[in-house]
Amino acid sequence: MARTVPDKPALEGIEEKWMERWESEGTYRFDRSRAREQIFAIDTPPPTVSGSLHMGSVFGYVQTDAIARYQRMKGMEVFYPMGWDDNGLPTERRVQNYYGVRCDPTLLYDPDFIPPTEPPEPPMSISRRNFIELCHGLTAEDEKVFEHLWRTLGLSVDWTQSYATIDEHCQRTSQKAFLRNLRRGEAYSQEAPVLWDVDFKSAVAQAELEDRERPGSYHRIAFHRPSGDAVFIETTRPELVCACVALVAHPDDLRYQPLFGTVVTSPLFGVELPVVAHELADPEKGSGIAMICTWGDTSDVTWWRELDLATRAVIQQSGRLREDTPEWIESDAGRAAYAQIAGLYPGQAQRKMAELLAESGDLDGEPRAITHPVKFFEKGDRPLEIVSSRQWYIRNGGRDEDLRRALLARGGEVDWIPDFMGARYKHWVEGLNGDWLISRQRFFGVSLPVWYPVDDQGDLDFENPILPAEGALPVDPTTDVPPGYEESQRGVPGGFAGDPDVMDTWATSSLTPQIAGHWDDDPDLFGRVFPMDVRPQGPEIIRTWLFATLLRSHYEHGVPPWAHAAINGWILDPERKKMSKSRGNVVTPIPLIEEYGAEAVRYWACNGRPGTDTAVDFGVMKIGRRLALKILNAARFALGFADDVDVAAITEPLDRSMLAALSEVVAQSTAAFDRYDYARALEIAEKSFWTWTDDYLELVKGRAYDGAAAGASAHAALQLALGTYLRLFAPFLPFVCEEVWSWWREGSVHRAPWPSVTELEAHIGDPAVFRITSEVLTAVRRAKSDAKASMAAEVASVTIAAGAESLALIRQAEADLKAAARAVEMAYAEGEFAVNSVLAAS
RNA sequence: GGGCGUUUAGCUCAGUUGGCUAGAGCACUGCCCUUACAAGGCAGGGGUCGGCGGUUCGAGUCCGUCAACGCCCACCA
């Protein structure tokens, strides 16, 4: 093939050029005709498209792409789909803010609705269907932005294999898997206390909680014994005295043992309460005796459940205390007291209660300010409350030791990269304290595919849900009618009611292997890609996405969903601080790509070791850019000679020595890649490449220009080495490697075979020749540098002292050494290694 | 309170199964327009590998312990 080596090679424009070429030529198109053993399947994380783009998004994806490219060159057919996680709360919230709208499911659909140009204040209420249409529209736009970023970064994704977690295929898969869980008894619904976000008016799951330090105050409050004696408790939630169901102390606590089994009355409300014992009560905390309310925190729930206490809930789903006076408050004084806090938010009620208790003399001293951790929904702004409601759950081992052990064993079947990440999974599973709550009282999500019969009294029969046939999926029970019913029977006695809830986004994204592999509608494909080879992802979603995926696969297929789980590190800002929107230190990738180029950003990402936290580092990006430029320029030199070179011409010892060193690099880089250590593979290739350009190219320059038979050896060796380096770098710097490859090779470097020791073995010699010759060259350069002379300065004589063996090696490259050193004469002496250079008089 | 990780030059990081005189880039110093590359190249200075103790012929690398930082978990009245 004729060569087309540009005079002034440049990086500018090559990203656009190859991005388009790869798409039009289908370079990364998946060939489904290959057998499972020849396929490398990646369970790509679907990014939350309504989230912000930041360097964390880039980091892991580029690392995965390097692995994908390596596997492809190794001859594997790479199944590399891309999904978008667009369903769920983040999208709803973005739509609410973007358009200034709120979903009101009681409103009717307006087919002519056009969103306001400016977000109105207060927000406009729109129907569920209109709201969902806005969600679809906006996520479609967001997905384009992400796709463009991925393409610009050169991800070798097969774009024909994309999905969005809200699309019909995902809905069908998600509902089908749920129905199977339900039929096997792995999913169930239950009325129970749940952690509730009062702003989003939805239940949240254990995995979505986070603690935040909040100010609070201890109130020391008197409860009263029949004798009139006071029993003091301390609480941060005096507003829940009205919801108190018992006092509790530790069974061994001598101070309170006499009280166990007796009754006390609550202050203000005069409600009679038992005093009970439970080892969870901490004698060291507060006064050592606590009030149990339904429910102020999760320990209340534990006590309530384990001690079988009464239910006296006062906090409603709105977050306010109930308006009517609870039936258990019977005294007139108590009813009058409650009237003063009815309908208030907890904070307001707390202040009022402090006043009332102070007036009645039941508050001992002033409230004492403290800071304490409070549970929040990770995306929420107000503390979670605990309310009773009916929700759907999937059993996850949190309440079942056998299942927990089985899931731990499944996790043990996965190869964790790096291996300590396996401990994070293990600890999460060991720490689960309840089943997985999957229902959400939201709108933009996959519907729970169930209806309930309505009995003659108009009550719903939750125990006997009506289920759709799998062939009818996806269904929306709020608009679709169950088999055997008519729309007119919706919500009437003797009819049916659709479940209004949607599933949590993880309930769908936990099925990404099944979704991408088309478990639902293409068993042939699924059989070729499942279980997948690798799940790459961030460490923060081990407890959600990774765990849930493993759980669903365990239930449905009885195997782990992938052989390897490759967990990337956390991304920190340039000051090594955690990036977050609130700190305003989020670094976005687009400007960096524009400034340094995609290859430079890729280089930075590939320098982050597996599982190691990595700071955004512009210096590293600059090095990446320089490496890419170096490849261009070195290639221009290496290809600047004869078109037709024959590898049989590689006869010079120095050339064969260089190739021997390169062969070792190939072996090491391959070994590193095989253990998913892409960063090491890059480092090894890079170190070798700089030696190649700095020393080898300089040593053979004279011979290469000379053009004699020895020149042909250099020409062929240069090209053989260049072709090898391009393939070693192709997983990291796909654009520049493809560009150079195209100068003199057919096809894409990304479909070229990964370099092997075998292909070089006929051309290698003693690696020591190149090594020691480089040392001598460095010594001569040092002499010139010390003499403040130009590297082009002539050297009258170079005297080399070394062992006899070394001298023999150096002599094999004497002509090259003399040319590179500009040495007139070269002399040798046996002895300790030393190089004495005498510069010619200028 | 429990667990995991990190701690190596001023900065950002490498150092595979213990064998080095401890490496790279940035920054710093000096030199060089040498026909691949001056948004480059060559050469150089700079570290008691967090502290203490141990195993070993030999430890940045293994063991113990302490400390600092980060992350995760915890029943936070």
Side-chain angles (χ1 to χ4, degrees), chain A residues 5 7-9 210-211 213-214 216 218-219 233-237 240 247-249 278-282 285-293 296-303 370-375 418 420-424 426-428 430-433 539-540 542-543 569-570 572 574 576-578 604 607-609 611-620 622-626 629-640 668 671-672 675 677 679-680 683 686-687 690 693-694 697-698 701 705 718 777-793 820 822:
Chain A
V5 181
D7 286 340
K8 260 291 186 195
E210 67 181 31
D211 288 346
E213 286 292 330
R214 282 295 147 125
Y218 269 123
H219 297 68
I233 61 106
E234 289 194 27
T235 180
T236 55
R237 303 208 62 180
L240 291 179
L247 299 191
V248 66
H278 194 280
E279 58 271 355
L280 214 85
D282 182 355
K285 199 160 285 179
S287 58
I289 187 165
M291 70 169 182
I292 303 173
C293 315
D297 63 29
T298 51
S299 49
D300 280 343
V301 177
T302 306
W303 280 320
I370 56 154
T371 304
H372 65 153
V374 177
K375 284 200 188 308
F420 67 77
M421 290 293 181
R424 299 206 187 179
K426 185 165 165 271
H427 293 148
W428 174 250
E430 285 170 348
L432 286 167
N433 54 30
E540 76 283 9
I542 290 174
R543 64 178 185 168
W570 195 259
L572 308 168
R576 287 201 68 78
K577 295 269 165 30
K578 191 171 167 177
W604 163 76
N607 258 284
R609 257 58 188 175
T612 302
D613 293 352
T614 304
V616 173
D617 189 332
F618 309 116
V620 173
K622 282 182 192 160
I623 299 166
R625 185 175 173 78
R626 213 173 50 155
L629 257 171
K630 196 76 175 175
I631 290 171
L632 280 182
N633 287 313
R636 195 170 102 77
F637 173 78
L639 299 176
Q668 287 178 14
R675 52 175 200 268
D677 196 350
R680 184 86 180 133
E683 185 192 348
E686 189 184 3
K687 188 170 163 44
W690 283 101
T693 59
D694 291 347
L697 263 53
E698 292 301 329
K701 201 173 266 180
Y705 282 120
L718 281 166
L777 180 60
T778 298
V780 176
R781 284 168 173 161
R782 188 181 300 124
K784 292 184 182 179
S785 188
D786 289 347
K788 300 192 190 299
S790 160
M791 290 301 139
R822 305 284 197 278

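Just the heavy atoms: all of them, side chains too, but no hydrogens, waters or symmetry mates, feed the values below. Convention: sequence-line order gives letters A, B, ...; per-chain numbering from 1.
Across U65(B) and C42(B), the matching P atoms stand 48 Å from one another, rounded to whole Å. Taking the C1' atoms as reference points, G64(B) lies 22 Å from C57(B), given to the whole Å. Rounded to the nearest Å, the gap between the C1' atom of U16(B) and that of U55(B) is 22 Å. Going from the C1' atom of G25(B) to that of U8(B) covers 15 Å, rounded to whole Å.
Taking atom NZ of residue Lys622(A) and atom C1' of nucleotide C26(B), one finds them 8 Å apart after rounding to whole Å. Atoms NZ (Lys375(A)) and C1' (C75(B)) sit 9 Å apart, rounded to a whole Å.
Applying the salt bridge (charged side-chain N to carboxylate O under 4.0 Å, His left out) rule to Asp211(A) yields the partners Lys375(A); only residues at least two apart in sequence or on another chain are considered. Qualifying salt bridge (charged side-chain N to carboxylate O under 4.0 Å, His left out) partners for Glu540(A), counting only residues two or more places apart in sequence or in other chains: none. A search for side chain to side chain donor-acceptor pair (under 3.5 Å) contacts involving Asp613(A) returns nothing, not counting sequence neighbours. Remark: Lys285(A) engages no residue in a salt bridge (charged side-chain N to carboxylate O under 4.0 Å, His left out) (not counting sequence neighbours). For Arg781(A), the side chain to side chain donor-acceptor pair (under 3.5 Å) criterion is met by Asp695(A), not counting sequence neighbours. Applying the ring pair (Phe, Tyr, Trp, His ring centres under 6.0 Å) criterion to Tyr218(A), with sequence neighbours excluded, gives no partner residue. Under the side chain to side chain donor-acceptor pair (under 3.5 Å) criterion, Trp303(A) pairs with His278(A), sequence neighbours left out. Arg609(A) is linked by a side chain to side chain donor-acceptor pair (under 3.5 Å) to Glu683(A), counting only residues two or more places apart in sequence or in another chain.
Here the side chain of Asp211(A) is nearest to one of C76(B), A38(B), G44(B), namely C76(B). Of all nucleotides listed (C75(B), C37(B), A77(B)), C37(B) comes nearest to the side chain of Asn633(A).
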| said: For a quick check, with a 4.0 angstrom heavy-atom cut-off, what is the B/S/- contact string for nucleotides 16-25 of chain B, read 5' to 3'? | reply: B--------S
| remark: Counting primed atoms, P, OP1 and OP2 as sugar-phosphate and everything else as base, the B/S/- map of nucleotides 28-35 of chain B against protein heavy atoms under 4.0 Å is --BSS-BS
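At U12(B), none of the side-chain N or O atoms of Thr614(A) fall inside 4.0 Å of OP1 or OP2 (strictly under the cut-off). Applying the 4.0 Å criterion to OP1 and OP2 of G41(B), one finds that Lys630(A) has a side-chain N or O inside that range.
Counting only distance, with no hydrogens or angles, the side chain of Trp604(A) and the backbone of Ala615(A) share a donor-acceptor pair below 3.5 Å. When atom types are taken as modelled, the side chain of Lys784(A) and the backbone of Ala789(A) share no donor-acceptor pair closer than 3.5 angstrom.
At a threshold of 4.0 angstrom between heavy atoms, the contacts of Leu697(A) include nucleobase atoms, whether or not backbone atoms are also involved. Trp570(A) comes within 4.0 angstrom of no nucleic acid atom, judged by non-hydrogen atoms across all strands. Using a 4.0 Å heavy-atom distance criterion, Asn607(A) is classed as making no nucleic acid contact.
Counting only Watson-Crick or G-U wobble pairs whose defining distances are both under 3.5 Å, the stems of 3 or more consecutive pairs in RNA chain B are B:1-7 with B:67-73, B:10-13 with B:23-26, B:28-32 with B:40-44, B:50-54 with B:62-66.
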Listing time: all N or O pairs from protein to nucleotides 1-11 of chain B that are below 3.5 Å?
{"unit_1": "G3(B)", "atom_1": "O2'", "unit_2": "His427(A)", "atom_2": "ND1", "d": "2.9"}
{"unit_1": "G3(B)", "atom_1": "O2'", "unit_2": "His427(A)", "atom_2": "NE2", "d": "3.2"}

